Structure formats: C-alpha cells, structure tokens
Novice: 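Starting off with a structure, shown below.
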Protein chains: 2
Amino acid sequence: MARSMHVRRPATLASLAAELGVSRTTVSNAYNRPDQLSPELRRRVLDTARRLGYPGPDPVARSLRTRKAGAVGLLLTENLSYAFRDPAAIGFLEGLALACEDAGTGLLLVPANPEREDVASVHRAGVDGFVVYSVPDDDPHLAAVLERPVPTVVCDQPDMGTVDRVGIDDKGAMYGLAQHLISLGHRRVGVICMRLARDRNDGFVTPERQHAAHFHVQRNRLSGLAEAFSEAGVDWSRIPVVERFDHNIASGESAAAQVLDADPQITALICCSDILALGAMQEAARRGLRVPHDLTITGFDGIREAEQAGLTTVRQPVLEKGRAAGKLLLDTNERARPRSVNLSTELIIGKTSAAPRGASEERWFGP
Amino acid sequence: MARSMHVRRPATLASLAAELGVSRTTVSNAYNRPDQLSPELRRRVLDTARRLGYPGPDPVARSLRTRKAGAVGLLLTENLSYAFRDPAAIGFLEGLALACEDAGTGLLLVPANPEREDVASVHRAGVDGFVVYSVPDDDPHLAAVLERPVPTVVCDQPDMGTVDRVGIDDKGAMYGLAQHLISLGHRRVGVICMRLARDRNDGFVTPERQHAAHFHVQRNRLSGLAEAFSEAGVDWSRIPVVERFDHNIASGESAAAQVLDADPQITALICCSDILALGAMQEAARRGLRVPHDLTITGFDGIREAEQAGLTTVRQPVLEKGRAAGKLLLDTNERARPRSVNLSTELIIGKTSAAPRGASEERWFGP
DNA sequence: AATTGGTTCTGAACCGTTACGGTCACTTCA
DNA sequence: TGAAGTGACCGTAACGGTTCAGAACCAATT
C-alpha cells in the first residue's frame with residue numbers, strides 16, 4: 001500500500017478533495033447535499049474519507065461559514081452546579097431542554113461564577129442565542145450577553161424592552177398570597193427572602209434594600225407583600241424581613257430562627273421560596289411550634305417537596321417557563337420582537353396556613 | 001456626525017482596524033494581549049469598538065483558529081430533558097458541571113434523540129471533548145463520538161480500551177447485595193431491571209437477552225445477581241426478570257405487579273435502580289404486602305428519596321462520577337491515556353430487607 | 001558609531017468550511 | 001436542427017479571527 005504514513009496533520013476536506021482529484025465543493029456536497037452528486041462519486045468520497053480517517057466536516061469551521069452554531073447558551077450566574085441542586089432551576093432546565101431537543105439544538109451551560117467578574121466565558125460561547133435565568137439586573141455577565149449580537153430571552157428578569165422576556169407576575173402572586181393570610185387574620189408576620197443583591201447580607205433587610213433589590217423576582221415578591229399588608233393597615237417598615245444569600249434548607253432554618261428570635265409574637269412566616277419554607281418548617285418543629293396551629297408558614301414555587309409537605313404556596317409553572325423561553329428563542333419569526341410572556345400562577349392553600357391562634361373568627365364579620 | 005449609517009453588516013475586527021488605521025493584529029491584541037500595545041491605543045481601540053457596536057472577537061472564528069471551543073459535550077442518548085428527571089442523572093450532571101466550572105469550561109448538552117438515528121447533532125457539536133453517559137454500547141451516537149478526533153471519556157460503559165472510562169463495579173456491587181439477601185435466607189426472588197437494549201421490551205427477559213444486554217450497567221448488575229444466586233444453588237434461569245423501557249416510578253409499579261403475578265411466592269424483589277424500587281414499594285403497599293415482613297425490596301443508586309424511604313440499596317457516588325469524568329476529560333496530561341477509574345460503592349442495609357417470613361434462622365447454621 | 005535591547009506595531013499565512021454563480025456535456029422536444 | 005432544460009461538478013470568495021516572524025523606532029550601553 002502506497003498510503004503515505006507521514007500524515008501528521010489530520011485530513012481536511014481540502015486534502016480529501018486533493019486525494020480524490022475533485023473540488024472541495026464536491027466533498028462538501030457529499031456530506032451536506034447528497035443530491036448534488038452522483039451516488040458513485042459520493043460513495044467514493046465517503047470511502048476515501050474513512051480510509052484517510054477524515055471525521056467529516058469540522059463543526060467549528062462549518063459554524064463560522066454558515067453563521068449557525070446549533071446551540072443556545074444558558075446563563076445562570078450561579079455556580080453552574082447550583083442549577084442541579086435547586087428543584088425550581090431543574091424544572092426550568094428540563095423545560096428548556098425540551099424546547100431544545102424539539103429543535104435539535106444543543107444547550108450550552110455557560111459557566112459564570114458570580115465571584116469573579118470574569119465575563120470571558122460569555123464572550124467565548126459559540127451559540128445562536130442566550131437564555132438568561134434569574135440573575136441580578138446589574139450582573140456583568142448579563143451585560144456581556146446583551147452586547148452579543150444574538151437573540152436573547154431573559155427569564156425572571158425585569159422587562160428590558162430590547163429582548164424577549166418570560167416570567168410570572170411575582171408581585172401579583174405574592175399579593176394574592178398575602179391577602180389569603182390577611183383574610184385569615186394575620187397582621188404580625190415575618191418574611192424570609194432569598195438574596196437581594198450580589199453582596200452577601202445574611203440578616204435583616206432595610207426597606208431601602210428591599211426597594212433597591214437587584215433580583216427582580218425577590219423585589220417584586222416583597223413589593224407584593226408590602227402592598228397587601230400596607231393596604232390592610234400594617235406598617236410594613238416594622239415587619240422583620242430576613243435575607244439569606246445561599247438558597248437551601250439550612251438557610252431557611254437559620255433565617256426562621258432569626259425572625260422568631262426578633263419577634264416571637266409573629267403568627268405567620270412568609271418565605272419567598274419553598275426551599276426556605278421547608279427550612280422554616282424544620283426550625284418551627286425544633287422550637288416545638290405546631291404548624292399551622294402556632295405558626296403559619298408559606299412558600300413560593302410549588303416544588304414537589306412542598307406539595308408533599310402540604311405547604312401553602314404559590315405554584316408557578318417552572319417547566320413551562322423553561323419551555324417558553326426556549327420556544328421564544330428558537331422561534332425564527334423575528335417580526336414581533338421583543339415579546340413578553342407572562343405565565344399564570346396558582347395559589348395553593350395547603351395545611352401550613354390557618355388563622356392565628358388567638359384570633360376569633362367573628363372579628364372579621366363584625367363592624 | 002459623519003458616522004456612516006449604511007452599516008448593514010455588523011462590525012468585524014477587520015473593519016474596526018480599517019476605521020482606526022491600524023492592523024488587525026493590533027485590534028486582536030487589544031482584546032487578547034493588552035501588554036502588546038500601548039494603553040492609549042488600546043483605549044482608542046476599545047472606544048471605537050463601542051462606538052461601532054463591535055461586540056468583540058467572534059467566538060466561532062476564534063475557535064476555528066485556536067482549535068479550542070471552550071466547551072465539552074455531554075451525550076446522554078435519552079431525550080435531553082430526561083437528564084433532569086432522574087435523580088442519579090442529575091447528580092452526575094452536577095458533578096460534571098462542578099468540574100467544568102472549575103476549569104471555566106462550558107458544558108454542551110448534545111441532543112441525541114434515541115428514536116431517530118440522527119447523528120448530525122454529534123457532528124455539529126463544537127466541543128473540545130465528549131463525556132458519554134450510560135448509552136447502549138451499540139448506540140450510533142456513541143460511534144459518532146468515537147469518530148470525532150477529540151478526547152472522550154465514557155461513563156457507565158464497558159472499557160473500550162481507546163478512551164478514558166469512569167464507572168463502578170456494578171457486578172461486584174450487585175453481587176454483594178445478593179449475598180446479603182442470600183444470607184438472610186432469600187432464594188425465591190424476582191428482579192426488575194431497566195431497559196437492556198434500544199428496543200422496547202416491557203416484560204420478561206430471557207437469559208439470552210440478559211447476556212446480550214447493550215447497557216453495560218444493567219448487564220453487569222444482572223450478571224452479579226446471577227453469579228451470587230447460582231453459587232447459592234439457585235437455578236437462575238427460573239428467576240423471573242422483568243424489564244422496563246421507561247425509567248420512572250410507574251414502571252417500577254407495573255413491573256413489580258408483573259413479577260408478583262408470575263410468582264406470588266417470591267420473598268424478595270431486587271430492583272436495578274432506586275426509582276424502580278420506589279415504584280415496587282408502592283405496588284407492594286397496594287397489594288397489602290408489608291415490607292420487609294412479607295416482601296423484601298432492594299434498589300440501586302442511593303438517591304435521596306431512597307434514603308428517606310429507608311431502602312436497602314447500593315449507594316454509588318453519582319456526583320463524584322460526574323466530577324471524575326470531567327476531570328479526566330479536562331486534564332490535559334495526555335500521557336497516560338486511556339485511563340480507567342473505578343469508584344467505590346457502599347451497601348446500605350435499610351429497613352426494606354429482612355429474612356423471609358417463613359424462614360427459620362437456625363436453618364443456616366445446621367449441617 | 002555601532003551594538004544591544006525593548007516596546008509597539010505590521011504583513012501575510014493560516015484555520016476548514018460553505019455559498020454563490022458559474023461551466024459543460026448530455027438529453028428532450030418542437 | 002436548434003433551443004431550452006437538466007444533472008454533475010467546479011472556482012472563487014468569503015466567514016472572522018490568531019499567530020509568528022519581523023520592521024520601525026527609540027534609548028541605553030559598549
């Protein structure tokens with residue numbers, strides 16, 4: 001066999017064409033447009049490719065030429081692995097993955113460590129579009145994404161006016177939950193929320209910080225609460241609101257402890273997520289507080305674990321949110337951009353909310 | 001302002017260089033090698049870039065030139081979204097994501113619908129390497145990955161001799177579990193396993209099919225069982241083994257029903273995954289069988305839900321598996337390839353296994 | 001005055017492919 | 001018989017960067 005053994009460089013489409021004595025176009029067509037050349041030649045091309053160890057057209061070179069990467073990027077601005085620990089994030093991912101596989105598109109998880117301000121990963125991502133999921137509105141990664149000349153859809157973010165958006169009415173949903181509690185008779189409540197900004201502030205939250213929160217979702221949920229309770233005659237500035245940077249059960253526990261220590265008289269603990277609420281339940285149990293008899297606890301999200309626990313919460317369609325984001329991004333119909341999609345939520349009244357212990361029911365019917 | 005408004009095409013590095021009257025090299029250096037040009041010029045470049053709306057070097061073009069994509073591909077050969085529904089897969093993903101973010105690398109989820117034989121997604125993926133997680137050994141997507149000239153690590157797959165591998169000793173682990181059951185006195189058992197090949201076969205499995213199973217993991221777990229029970233004098237070919245294509249609780253329920261209908265006398269139900277075992281628990285409850293008094297049930301994986309249920313199972317370090325796979329892939333030290341990593345497992349004896357009801361303990365100590 | 005060294009910038013080659021607009025030989029049909 | 005059509009293949013020009021070996025310049029040293 002005269003097969004040259006000095007082939008250090010792997011075969012390319014050009015070298016294959018040279019070997020065959022045909023043009024590069026023809027080799028390209030053998031892979032991409034079988035109808036553009038005779039079956040015999042095509043077979044000959046493919047056989048020679050195998051013989052030379054040519055693995056087929058290089059995906060990156062193809063992407064450069066066709067201006068298509070065949071993938072969408074997902075920006076989470078959390079340690080990437082966080083996405084796999086939070087049930088709501090997992091649901092979102094599943095929905096997004098669903099939309100991607102329908103379109104035959106890849107899904108690139110972009111590493112965006114919130115600690116370092118390293119935006120290079122966003123610049124390096126070879127994608128046809130971005131989905132940005134619940135990052136602070138002042139996040140440099142978000143800014144970097146918006147500078148990229150590709151379609152983007154933001155999720156659980158404020159409407160930017162320039163890119164598609166998917167979300168829910170966080171404020172309205174929380175307002176509804178608050179009204180439920182108010183109608184039960186709760187006036188003296190405590191609140192536990194997730195991180196409000198990029199800086200860690202594990203403790204009480206001033207009204208200013210609530211207002212200036214960089215996480216759209218948290219800001220709106222708090223604002224819904226504030227509005228409802230203010231309308232009910234409660235001085236919102238006196239309500240203890242505790243923030244936790246890390247989002248896990250332990251945070252819910254310690255935050256609940258902090259609120260209950262600050263005001264043992266509260267009758268309800270409103271949590272901005274189910275995870276935090278589940279933690280609060282544990283702290284309540286530790287203190288011997290019976291839920292809902294001694295203390296009402298509510299969550300937000302409607303994750304499975306919450307359902308099992310019978311938690312009073314707001315269910316939001318996390319999977320649908322992911323799917324909607326994917327569909328919006330992959331829908332080539334550019335006309336109507338930017339679009340804004342609001343998904344509906346549902347108030348789930350579980351076994352963790354009831355009238356406060358001392359409350360007389362009649363009080364709400366009297367003059 | 002003389003700013004030309006007929007800029008249809010977005011700015012490129014070349015157009016920016018032309019506008020500035022410098023070479024392309026200089027513009028490139030402004031982004032990639034700040035020390036290679038004077039600070040003033042660099043600022044001028046960056047300012048002009050902003051003015052022209054130049055978003056920085058195109059990632060795809062850069063990848064083509066540098067031969068680095070900054071991402072690794074993950075092949076699952078399951079509907080992509082499945083990865084987010086199976087706790088073990090989620091754990092693996094988390095570990096892999098951990099390794100990726102440590103390296104600042106993206107993680108591309110490659111869509112590989114098992115239904116269609118469409119391998120194009122593998123060809124299109126612009127990645128520096130692949131992780132292949134638990135696909136059948138005859139999967140065309142796997143073959144396509146192996147043809148790509150990039151490093152690959154397979155997980156829960158047979159050792160291919162040519163690429164890195166991460167896994168556990170499935171056979172040994174299951175052998176150990178079987179010995180536990182044998183020592184308790186179980187001889188008449190039933191088995192529930194996950195899909196053994198790409199074709200759907202929801203029902204009993206012949207010994208041939210067990211042997212020829214295309215899923216390495218399942219094949220080895222069954223083989224570990226067969227070996228242990230054969231050694232204990234049990235005719236393995238008479239043991240009912242039921243297969244389910246879909247991996248979820250409902251499959252576990254229906255499979256358990258099928259086994260129990262076939263042989264109501266079995267004293268233990270060995271499931272090849274915790275998910276299936278949890279389903280079997282539900283079916284047992286439905287039939288009024290008390291676990292472990294009337295029926296022993298075991299799982300495999302050691303997911304959190306199993307722990308909560310007190311399931312007897314084999315715990316495997318799913319997160320570590322993902323992390324190891326990522327580390328192997330991202331470790332540039334090419335020398336020692338291919339490498340093979342076996343992680344250790346742990347037999348968890350929970351509350352779902354006990355001696356069979358009729359068994360007299362003494363029997364195992366007599367002559 | 002010649003050499004050395006350092007900084008700043010350039011020219012040209014190269015990465016591997018596909019899009020576009022042909023050419024050319026060979027039917028087909030009036 | 002000539003015009004029009006068809007199938008098979010090709011040449012060229014991008015696509016948007018990075019890289020490396022120098023060139024040009026200036027200051028400091030021999």
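Here the structure is a predicted model, which means the values were calculated and not measured. Values below: all heavy atoms of this structure, side chains included; hydrogens, waters and symmetry mates excluded. Sequence lines set the chain letters: A, B, ... in the order given, protein chains first and strands last, and positions in each chain run from 1.
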Novice: Can a salt bridge be assigned to the pair A/Lys68 and A/Asp128 using a cut-off of 4.0 Å between side-chain N and carboxylate O?
Specialist: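 Result for this pair is no, no salt bridge flagged.
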Novice: Both B/Leu64 and B/Asp35 contact DNA chain C. Taking the nearest nucleotide for each, which residue is further toward the 5' end?
Specialist: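 Nearest-nucleotide comparison on DNA chain C picks B/Asp35.
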Novice: What is the distance, to the nearest angstrom, from the NE2 atom on B/His123 to the C1' atom on C/dG16?
Specialist: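 Interatomic distance, NE2 of B/His123 to C1' of C/dG16: 16 Å.
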Novice: Return the 5'-most residue of the pair B/Pro39, A/Asp58 with respect to DNA chain C, ranking by each residue's nearest nucleotide.
Specialist: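 Its nearest nucleotide lies further toward 5', so the answer is B/Pro39.
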Novice: Under 4.0 Å between a side-chain N/O of B/Asn32 and OP1 or OP2 of D/dT18, yes or no?
Specialist: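 B/Asn32 to D/dT18 OP1/OP2: side-chain N or O found under 4.0 Å.
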Novice: Within the 4.0 Å heavy-atom criterion, would you say B/Val22 contacts the bases, only the backbone, or no part of the nucleic acid?
Specialist: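 Contact class for B/Val22: sugar-phosphate only.
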Novice: B/Tyr31 side chain N/O closer than 4.0 Å to the phosphate oxygens (OP1, OP2) of D/dG16?
Specialist: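 The answer is no; no side-chain N or O of B/Tyr31 sits under 4.0 Å from OP1 or OP2.
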Novice: What is the distance, to the nearest angstrom, from the CD atom on A/Glu40 to the P atom on D/dG7?
Specialist: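 It is 15 Å, rounded to the nearest whole Å.
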Novice: So, is B/Arg62 close to the D/dT18 phosphate, meaning a side-chain N or O under 4.0 Å from OP1 or OP2?
Specialist: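 For D/dT18, OP1/OP2 do have a side-chain N/O of B/Arg62 under 4.0 Å.
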Novice: Quick check on C/dT10: is either OP1 or OP2 less than 4.0 Å from any side-chain nitrogen or oxygen of B/Thr25?
Specialist: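 The answer is no; no side-chain N or O of B/Thr25 sits under 4.0 Å from OP1 or OP2.
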Novice: Think A/Ser28 has a side-chain N or O under 4.0 angstrom from the OP1 or OP2 of C/dT18?
Specialist: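 Result: yes.
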Novice: If I take atom CG in residue B/Leu37 and atom P in nucleotide C/dT10, what distance separates them, rounded to the nearest angstrom?
Specialist: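 Value for this atom pair: 10 Å.
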Novice: Is there a donor-acceptor pair closer than 3.5 Å between any side-chain N or O of A/Asp164 and the backbone N or O of A/Arg339?
Specialist: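 Present.
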Novice: On DNA chain D, does the nearest nucleotide to A/Gln36 precede the nearest nucleotide to A/Arg24 from the 5' side, or the other way round? Give the residue.
Specialist: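 The 5'-side residue here is A/Gln36.
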Novice: I'd like to know if A/Glu94 and A/Arg323 make a salt bridge, using a cut-off of under 4.0 Å between side-chain N and carboxylate O.
Specialist: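 No.
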Novice: Using whole Å, report how far CG of B/Leu13 lies from P of D/dT18.
Specialist: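 For the pair B/Leu13 CG and D/dT18 P, the rounded distance is 6 Å.
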Novice: Go through the N and O atoms of the side chain of A/Arg65 and the base of C/dT17, and report whether any donor-acceptor pair is under 3.5 Å.
Specialist: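 For A/Arg65, whose side chain was compared with the base of C/dT17, there is no donor-acceptor pair (under 3.5 Å).
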Novice: Would you call B/Arg42 and B/Asp35 a salt bridge, taking side-chain N to carboxylate O under 4.0 Å as the test?
Specialist: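 Result for this pair is no, no salt bridge flagged.
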Novice: Please determine whether a side-chain nitrogen of the Lys or Arg among A/Asp102 and A/Lys327 lies less than 4.0 Å from a carboxylate oxygen of the Asp or Glu.
Specialist: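 So A/Asp102 does not pair with A/Lys327 through a salt bridge.
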Novice: Give a yes/no on whether any side-chain N or O of B/Thr26 is located under 4.0 angstrom from OP1 or OP2 of C/dC9.
Specialist: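 Checking B/Thr26 against C/dC9: no side-chain N or O falls below 4.0 Å of OP1 or OP2.
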Novice: Please evaluate residues B/Phe84 and A/Phe92 with respect to the criterion side-chain contact (heavy atoms from CB on, under 4.5 Å), reporting the C-alpha separation (whole Å), side-chain torsions for both, the decisive distance (0.1 Å), and the verdict.
Specialist: CA-CA 9 Å; B/Phe84 302 109; A/Phe92 179 83; over 6 Å; no
Novice: Whole-Å distance between C/dT17 C1' and B/Arg124 CZ?
Specialist: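 Answer to the nearest Å: 15 Å.
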Novice: It should be established whether B/Ser38 places a side-chain nitrogen or oxygen under 4.0 Å from OP1 or OP2 of nucleotide C/dC9.
Specialist: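 So the side chain of B/Ser38 is within the cut-off, an N or O lying under 4.0 Å from OP1 or OP2 of C/dC9.
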Novice: Is any side-chain N or O of A/Arg33 closer than 4.0 Å to OP1 or OP2 of C/dA19?
Specialist: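 Affirmative; the distance criterion is met.
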Novice: Expressed as a whole number of angstroms, how long is the span from A/Asn29:CG to C/dG21:C1'?
Specialist: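 About 14 Å, once rounded to whole Å.
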Novice: Rounded to whole angstroms, how far apart are CZ on B/Arg67 and P on C/dC14?
Specialist: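 Atom CZ in B/Arg67 sits about 15 Å away from atom P in C/dC14.
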Novice: Give a yes/no answer on whether the side chain of B/Thr12 brings an N or O atom under 4.0 Å of OP1 or OP2 in D/dG16.
Specialist: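 Looking at the OP1 and OP2 atoms of D/dG16, neither is under 4.0 Å from any side-chain N or O of B/Thr12.
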